[in-house]
Structures are given as C-alpha cells and as structure tokens.
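Working notes for the structure below.
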Amino acid sequence: LRAHVDPLPDGEFALTLTFHHAILDGWSLASLTTEIVRRYAARLSGEPMPVDPPKVRYRDFVARTRAAVDDPHERAFWAGRVRDAVPTALPAGPTGGDALGTLTEVFPDAVVAGLDRAARALRVPLSTVLLAGHVRALAEECAVDEVQTGLVMHGRPEQEGGVEVLGMYLNPLPLRVAAGTDRWSALVRRVHEAELDLLPHRLFPYAE
C-alpha cells in the first residue's frame, strides 16, 4: 500500500492511494480514505484522535473461510449446486471468436423509478431486480432455460466493529437459477430465493 500527497494551489492537495486489489475491497478503501482524511483534519485542528484497534480482526475472517473449506457440509452444499450444471456461454461472434465488448446505456429516470417501485412492491433489493434482468437476458441470448452466472457476495463480520476492519471480503459465487418464461415478479422472487440460499454458504472460497 502506497500513499502519495501532491500539493495543489489554494491550499488544496490530492491524495493518491495505490494498492493491490487483493488486499482491499471497495468498502475498506472508503473506510481507509475517510480515516486518513479525518485524522489529517484532526491533527490540523489540534484535536486528539486516539488509535483504537477494531474489536474484530481480519484474521478472524480468514479463520472462518478456512473453517468453511474444512466443513464437509459446506463442500457438499456447493458440490450439489454445481453438479450437472451446464455453463452459460454466450454465442460466438460474427468472426467465430468470443463476442466480447462493452455496451453503455443510460437508463431514463422513468425506467429507474419503475425499477425502484418494482423492488419495493416485491420487497427485494433493487440489485435483485437488476440481477433478474441479467438472468432473463442471458437465457434469451443463449437459448437456455437455466442460467449459471456469477454473484459477488461479501463475508464482512456481522458484529460490532466489523465495518471498520480493512481487507478483501468479496467472494464470487456461482448462482444457478431457472430463467423461465413466467411473469417478471416470479423470476425476481426466484432470484431472490437463490441469493438467500447462498448467504449462509458465502464464505466458501471460489477457488475451491
């Protein structure tokens, strides 16, 4: 981890943090940046800001992931989830290679508001509604009834002080769900149930 400070005109400065992505997730980076700036401001004003170590440690998270790897029930759960699964692969591009590319689309405010209303009506996170759209789009593009895609979950400790511990808590997990052709509300609920099923098992490392 490296920190650089570049003075700018009018008393301003630029703080640049450089680090390997494997050591900090987005939440941790925001927490670290906030603490650095707060401590700098406190020192300028002469206010004491003691250093209190978090009540939990990153090594506690590492111990939990190792325990998940050694747990036969966890391994059996994931073995069942991927057994006989057919990878959802996008069709080849016009030249025969992978159809890779980037498409940027800005949703109109009315569409965003409608998605938000749908999430509230179904009592699910907005991200679940978007994930359901992702599943249905993959199913139609790949002409499959069941989609296997990736879902990134975090394993940050759910206890007091857990939000303060810096580290990499993200874990990509395989999400397997029937896309179906039923109503959108049914698909959204099915995706949400699939997400909830993974929650207790989210610490099992993707590499395993």
Side-chain angles (χ1 to χ4, degrees), residues 1-70 74 78 87-90 93 97-107 112 125-131 133-134 137-138 148-175 195 198-208:
L1 173 70
R2 296 179 179 177
H4 297 272
V5 177
D6 297 301
L8 300 175
D10 302 323
E12 296 184 347
F13 64 90
L15 170 64
T16 303
L17 298 178
T18 306
F19 61 95
H20 195 290
H21 181 63
I23 68 171
L24 293 176
D25 56 23
W27 185 298
S28 297
L29 176 60
S31 297
L32 174 62
T33 305
T34 300
E35 182 173 357
I36 291 175
V37 174
R38 286 183 60 207
R39 290 191 177 280
Y40 179 67
R43 172 159 292 199
L44 286 181
S45 61
E47 298 177 4
M49 191 174 178
V51 178
D52 298 320
K55 297 180 180 180
V56 293
R57 301 167 298 177
Y58 188 73
R59 68 178 61 181
D60 300 328
F61 165 73
V62 174
R64 292 172 63 199
T65 60
R66 288 181 173 176
V69 171
D70 295 335
E74 288 293 309
W78 285 110
T88 304
L90 290 171
D98 293 334
L100 299 178
T102 301
L103 175 64
T104 301
E105 183 74 24
V106 179
F107 289 178
V112 176
L126 176 58
S127 59
T128 299
V129 177
L130 298 175
L131 181 57
H134 167 74
L138 277 179
Q148 182 172 255
T149 185
L151 178 64
V152 177
M153 288 189 167
H154 77 84
R156 185 174 291 277
E158 297 158 323
Q159 60 193 92
E160 185 179 359
V163 297
E164 304 171 9
V165 186
L166 306 182
M168 171 55 70
Y169 294 95
L170 303 181
N171 188 28
L173 301 172
L175 180 75
E195 290 180 285
L198 300 188
L199 272 176
H201 309 278
R202 66 190 183 280
L203 293 180
F204 195 79
Y206 177 70
E208 294 289 332

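Counting from 1, the numbers follow the sequence of the chain as shown. Below, all heavy atoms of this structure are taken into account, side chains as well, without hydrogens, waters or symmetry copies.
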**Fill in**
Here the salt bridge (Lys or Arg N to Asp or Glu O under 4.0 Å) pairs for residues 27-49, sequence neighbours left out, are E35-R39

**Request:** Applying ring pair (Phe, Tyr, Trp, His ring centres under 6.0 Å), name anything that partners F107, two or more places apart in sequence or on another chain.
**Result:** none

**Request:** Return each pair, listed once, that meets salt bridge (Lys or Arg N to Asp or Glu O under 4.0 Å) where at least one residue sits in residues 17-33; pairs must be two or more places apart or across chains.
**Result:** D25-R156

**Complete:** In terms of heavy-atom contacts, L166 and S31 come closest through CD2-CB, 4.0 Å

**Item:** side-chain hydrogen bond (donor to acceptor under 3.5 Å, both in side chains) partners for E74, two or more places apart
**Value:** H201

**Request:** Sorted by first residue and then second, give each side chain to side chain donor-acceptor pair (under 3.5 Å) pair with at least one member in residues 158-168; sequence neighbours left out.
**Result:** K55-E160, E158-R202

**Message:** Show the nearest heavy-atom pair for residues A22 and M168, with the distance to one decimal.
**Reply:** O-CB, 3.1 Å

**Sequence-distant partners of I36, side-chain contact (heavy atoms from CB on, under 4.5 Å), two or more places apart** = L15, L17, L32

**Fill in**
The complete set of ring pair (Phe, Tyr, Trp, His ring centres under 6.0 Å) pairs with one or both residues in residues 41-63, sequence neighbours excluded, reads Y58-F61, Y58-Y169, F61-Y169

**Message:** Quick test of your reading: applying salt bridge (Lys or Arg N to Asp or Glu O under 4.0 Å), list the pairs with at least one residue in residues 11-23, sequence neighbours left out, ordered by first then second residue.
**Reply:** none

**Request:** Report the C-alpha distance between L173 and W78 in whole Å, list the side-chain angles of each, state the deciding distance to 0.1 Å, and finish with yes or no for side-chain contact (heavy atoms from CB on, under 4.5 Å).
**Result:** CA-CA 10 Å; L173 301 172; W78 285 110; 3.9 Å; yes

**Message:** side-chain contact (heavy atoms from CB on, under 4.5 Å), that's the test. Do V112 and L126 meet it? Break it down for me.
**Reply:** CA-CA 10 Å; V112 176; L126 176 58; 5.5 Å; no

**Request:** Check for a donor-acceptor pair, side chain of D70 on one end and backbone N or O of A67 on the other, with a separation under 3.5 Å.
**Result:** no

**Message:** Would you compute the distance between atom CG of L175 and atom CG of L131 and round it to the nearest 0.5 angstrom?
**Reply:** 6.0 Å

**For H134, side-chain hydrogen bond (donor to acceptor under 3.5 Å, both in side chains) partners two or more places apart** = T149

**Item:** Shortest non-hydrogen contact from G161 toward P54
**Value:** O-CB, 4.4 Å

**Request:** Check whether any side-chain N or O of T65 sits under 3.5 Å from a backbone N or O of V62 as a donor-acceptor pair, and report yes or no.
**Result:** yes

**Message:** Is the shortest side-chain heavy-atom distance between V165 and R57 below 4.5 Å?
**Reply:** no

**Request:** Name all pairs fulfilling the ring pair (Phe, Tyr, Trp, His ring centres under 6.0 Å) condition that reach into residues 1-36, sequence neighbours left out, sorted by first residue then second.
**Result:** F13-Y40

**Asked** Mind checking what makes salt bridge (charged side-chain N to carboxylate O under 4.0 Å, His left out) contact with E208, not counting sequence neighbours?
**Response** R75

**Contacts of R64 that satisfy salt bridge (charged side-chain N to carboxylate O under 4.0 Å, His left out) - sequence neighbours left out** = none

**Asked** Of the non-hydrogen atoms in G167 and S28, which two are nearest, and what is the gap between them?
**Response** O-OG, 2.9 Å

**Message:** Using side-chain heavy atoms (C-beta onward) and a distance below 4.5 Å, is N171 in contact with M153?
**Reply:** no

**Side-chain touch V69/P205, heavy atoms, less than 4.5 angstrom** = yes

